[in-house]
There are 2 protein chains.
Amino acid sequence: MLGISDKDQHVLNVGELLAQHDIAPTQQRRQIAQILFAQPQHLSADQVLERVNQNGTVASKATVYNTLGLFARKGLIREVIVDPSKVFYDSNTSAHHHFYNIDTGLLQDIENQELNLQGLPTLPAGVELDSIDIIVRVRTAE
Amino acid sequence: MLGISDKDQHVLNVGELLAQHDIAPTQQRRQIAQILFAQPQHLSADQVLERVNQNGTVASKATVYNTLGLFARKGLIREVIVDPSKVFYDSNTSAHHHFYNIDTGLLQDIENQELNLQGLPTLPAGVELDSIDIIVRVRTAE
DNA sequence: CTGCTTGCAAAGGCTTTGCAGAACA
DNA sequence: TGTTCTGCAAAGCCTTTGCAAGCAG
């Protein structure tokens, strides 16, 4: 396997991705998607804002927030809520769960085969399933 | 089993509970504990504030926040984070998980026997387990 | 006395909103 | 030309903090 640099991975077809999800492909949305999908990762809104404007101003704070919310609603990315003061956006939407280090704030994927639920619980009446989040909170060992 | 009313349940020995957890039993803390442990429930800081001052002022906002944080650190109650803009405090600290209705904001317990994890995932190096939260998000059926 | 607790009000951090200008079809 | 999108700044919401006064032992 020859090395594929981060830079090369950036050259993915983001326009098609947006089109598939019924999202008008504006400059800002393309750039934000570029960042999110360069690799599977967990970024906060602030981190996205920072990265998208790293080389010149591309999008404002409002646009980043709006875009992330839009992407999440359309199913391109997943919101991960582990800390009341910050939402992470996960560009990996396949079934998997998370480790959250409460000391460092680091969020990591748990390989799905490592963690299996024994059957779905019976849902309360009148509701339907949206999603299941499993957060394994860890702290740095003394 | 003769009925025990909610009111009777309020007459629990909160002083002892605080002492067991190394918490100085002030008026405010006793009142807040009284509310939390009247029954297993999920309350936000704001709801606690409201209830504690229902019949005359007992505690300020700052004290309620400080006290809930203290109780959580000391293990009397558990923080449940399901919504980035609000933390719930759960007076049931036994192993169990939650349904969260994203439309109504209602948080409900899942009986533990209904949901079992198949083995712990291998923890990343250098960390130790803190807790595991499972949130089953549901929405009101159409 | 001495240290812990309380409470007010102000500050703080993250996110949303209103609205005018810009972009695109 | 009309609709959608962007962005600034202001507002909003929940939570934390600074600091003086209060309370307990």
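All chains are named by letter (A, B, ...) in the order of the sequence lines, taking the proteins before the strands, and each is independently numbered beginning at 1. Just so it is clear, the structure is predicted and the values come from calculations on it, not from any experiment.
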Donor-acceptor side-chain pairing of His42(B) and Asn92(B) below 3.5 angstrom:
no
Whole-Å distance separating the OH atom of Tyr65(B) from the P atom of dT17(D)
13 Å
Just wondering, do Glu111(A) and Pro121(B) contact through their side chains at under 4.5 Å, heavy atoms?
no
I need the Leu68(B) CG to Ile77(B) CD1 distance, nearest 0.5 Å.
5.0 Å
If you round to the nearest 0.5 Å, how far is CG of Leu49(A) from CD1 of Ile35(A)?
9.5 Å
Applied to residues 121-135 of chain A, the salt bridge (Lys or Arg N to Asp or Glu O under 4.0 Å) test, sequence neighbours excluded, yields Arg78(A)-Asp133(A), Glu128(A)-Arg139(B), Asp130(A)-Arg139(B), Asp133(A)-Arg137(B)
Where does DNA chain C pair, written as one dot-bracket string 5' to 3', with Watson-Crick or G-U pairs under 3.5 Å, ( ) inside the strand, [ ] for crossing pairs and | for another strand?
|||||||||||||||||||||||||
Could you check which residues of residues 50-61 of chain B get a heavy atom under 4.0 Å from DNA chain C? Sort them by number, please.
Val58(B), Ala59(B), Ser60(B)
For His96(B), all residues meeting ring pair (Phe, Tyr, Trp, His ring centres under 6.0 Å), sequence neighbours excluded
His98(B)
Could you list by number each residue of residues 74-91 of chain A showing a heavy-atom separation from DNA chain C of less than 4.0 Å, or answer none if no residue does?
Ser85(A), Lys86(A), Val87(A)
Between CG of Asp46(A) and P of dT15(C) the distance, given in whole Å, is 8 Å
Whole angstrom value for the distance that separates C1' of dT15(C) from CG of Leu70(A)
16 Å
Under 4.0 Å from any atom of DNA chain D, heavy atoms only: list the residues of residues 18-30 of chain A that qualify, in numerical order.
Ala24(A), Thr26(A), Gln28(A), Arg29(A)
